[in-house]
Amino acid sequence: MPHILPLKAITPVTHDVHHFKLPKPEGYSFTPGQATEVAINRGDWKREKRPFTFTSLPDWDHLEFTIKSYPDHNGVTEELSRLHVEDELILDDPWGTIEYKGPGTFIAGGAGVTPFIAILRSLKDKGDLDGHRLIFANKTEADIILRDEWDKMPGLEVIHIVSDDETSNLPQGFVDREFLEERIGDFSQHFYVCGPEPMQKSVMSALEDLGADPEALVFEK
């Protein structure tokens, strides 16, 4: 059932990413990692639905989305970046196939980290982050979403890598087979993978080649 909700806050996260805060309808529930279809309640934009992941936790009194805008696309994300408080969004029911299965390594590319935000926040609140790792690939350091939050999560091993930032002291390059083999010693664990489709396919192929169980790979189908 669609819900029409007013924006209560829009907060910058990086140069092209914002938190969008909305009231939570009574009885509206989801699990960390799930998403919903979102549209802007305005003119022709009402028909332009896009999937976005909840980055709030189920027990919060509001909903939060963390959304990157793509100005060159001139689409929904760019229009979202132009909205103001009290503008309205249309939300459908929750859905999604990224679900926490157990301790393991989360591998994200850019905005692909969003399905992992609520999962890792939930694990932090429970004190269950030990044994988890986040490998987060971005073009530059300025693109890293919630870097301070990740780096301060107790028990979470965080590995950043950038592909287009020669001034950075972070590891340079891509999450390829060589990188995975160097950074991960145990391929029998769960792997959670989300990012641009070419990256996601490449990473999952490399993980399987290195001995990961295909049944232990969790990704958006």
- request: Verify salt bridge (Lys or Arg N to Asp or Glu O under 4.0 Å) between R42 and D87, making sure each step is shown before the conclusion.
  value: CA-CA 9 Å; R42 178 191 298 165; D87 285 337; 3.4 Å; yes
message: side chain to side chain contact (heavy atoms under 4.5 Å, CB included) for T140 and S168? Distances and angles first, verdict last.
response: CA-CA 8 Å; T140 72; S168 172; over 6 Å; no
- request: Report the C-alpha separation of L146 and I117 in whole Å, then their side-chain angles, then the decisive distance to 0.1 Å, and conclude whether the side chain to side chain contact (heavy atoms under 4.5 Å, CB included) test is met.
  value: CA-CA 9 Å; L146 300 179; I117 293 174; 3.7 Å; yes
message: The test is salt bridge (Lys or Arg N to Asp or Glu O under 4.0 Å); show your working for R50 and E48 and say whether it passes.
response: CA-CA 7 Å; R50 297 293 185 275; E48 297 291 334; 3.1 Å; yes
message: Working note: K8 + E86, criterion salt bridge (Lys or Arg N to Asp or Glu O under 4.0 Å); need CA distance, chi angles, decisive distance, verdict.
response: CA-CA 6 Å; K8 292 305 180 184; E86 297 303 329; 3.0 Å; yes
message: Run the salt bridge (Lys or Arg N to Asp or Glu O under 4.0 Å) test on R147 and E141 for me, step by step, so that the C-alpha distance in whole Å, both residues' side-chain angles and the decisive distance to 0.1 Å come before the verdict.
response: CA-CA 9 Å; R147 180 176 184 177; E141 286 197 49; 2.5 Å; yes
query: Yes or no on side chain to side chain contact (heavy atoms under 4.5 Å, CB included) for L63 and F20, after CA distance, side-chain angles and deciding distance?
result: CA-CA 8 Å; L63 301 176; F20 292 84; over 6 Å; no
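When side chains are defined from C-beta on, P2 does not count as touching E37, because their heavy atoms never get closer than 4.5 Å. Contact annotation: the side chain of V76 approaches that of W45 to within less than 4.5 Å [non-hydrogen atoms, C-beta and beyond]. At least one side-chain heavy atom of L207 sits under 4.5 Å from a side-chain heavy atom of V193. Taking 4.5 Å as the limit, every side-chain heavy atom of L22 sits out of range of all side-chain heavy atoms of H62. Using a 4.5 Å heavy-atom cutoff, the side chains of L80 and L89 are in contact. In this structure, D16 and T77 have side chains that are not in contact, with every pair of non-hydrogen atoms separated by 4.5 Å or more. Between V158 and F136 the shortest side-chain heavy-atom distance does not fall below 4.5 Å.
Side-chain heavy atoms closer than 4.5 Å link hydrophobic residues (I, L, V, M, F, W, Y) into clusters, and following such links, even through other members, never connects V17 to F52. Both I67 and F54 belong to a common hydrophobic cluster when Ile, Leu, Val, Met, Phe, Trp and Tyr are linked at side-chain heavy-atom distances under 4.5 angstrom. Cluster annotation: I119 is not connected to F30 through the hydrophobic network of ILVMFWY side chains, with a link wherever side-chain heavy atoms come within less than 4.5 Å.
Classification of the F106-Y192 ring pair by plane angle, with boundaries at 30° and 60°, yields parallel.
Ion pairing of R121 with E64 is present here, as a side-chain N (NZ or NE/NH1/NH2) and a carboxylate O approach within less than 4.0 Å. A salt bridge between K49 and D92 is present, with a side-chain N of the basic residue lying under 4.0 Å from a carboxylate O of the acidic one. Salt-bridge formation is not detected for the pair K139/D165: no Lys NZ or Arg NE/NH1/NH2 atom is positioned less than 4.0 Å from an Asp or Glu carboxylate oxygen.
Shortest non-hydrogen contact noted between Y70 and A111 is OH-CB, 3.9 Å. Residues V218 and E99 come closest through the heavy atom pair CG1-O, 3.7 Å. Listed here is the closest heavy atom pair of T31 and P58: CA-CG, 4.5 Å. Nearest approach of A39 to K46, heavy atoms of both residues: CB-O, 3.5 Å. Closest of all the heavy-atom pairs between R133 and Q189 is NH1-NE2, 3.9 Å. Counting all heavy atoms, side chain and backbone alike, E181 lies closest to F187 at CA-CZ, 4.2 Å.
Side-chain contact of T66 with T55: a donor-acceptor pair under 3.5 Å is present, judged by distance alone. Residues H160 and D151 have side chains that bring a donor and an acceptor to within less than 3.5 angstrom of each other.
By the neighbour-count criterion of 12 heavy atoms within 6.0 Å, atom CG of D186 is densely surrounded, having more than that number from other residues, nucleotides or ligands. In the displayed structure, H84 atom NE2 is contacted under 6.0 Å by at most 12 heavy atoms of other residues, nucleotides or ligands. In E78, the CD atom is crowded: over 12 heavy atoms of neighbouring residues, nucleotides or ligands sit closer than 6.0 Å. Annotation: D44, atom CG; neighbour count of heavy atoms from other residues, nucleotides and ligands within 6.0 Å does not exceed 12.
Here the NE2-OG distance, from H15 to S69, works out to 9.0 Å after rounding to the nearest 0.5 Å.
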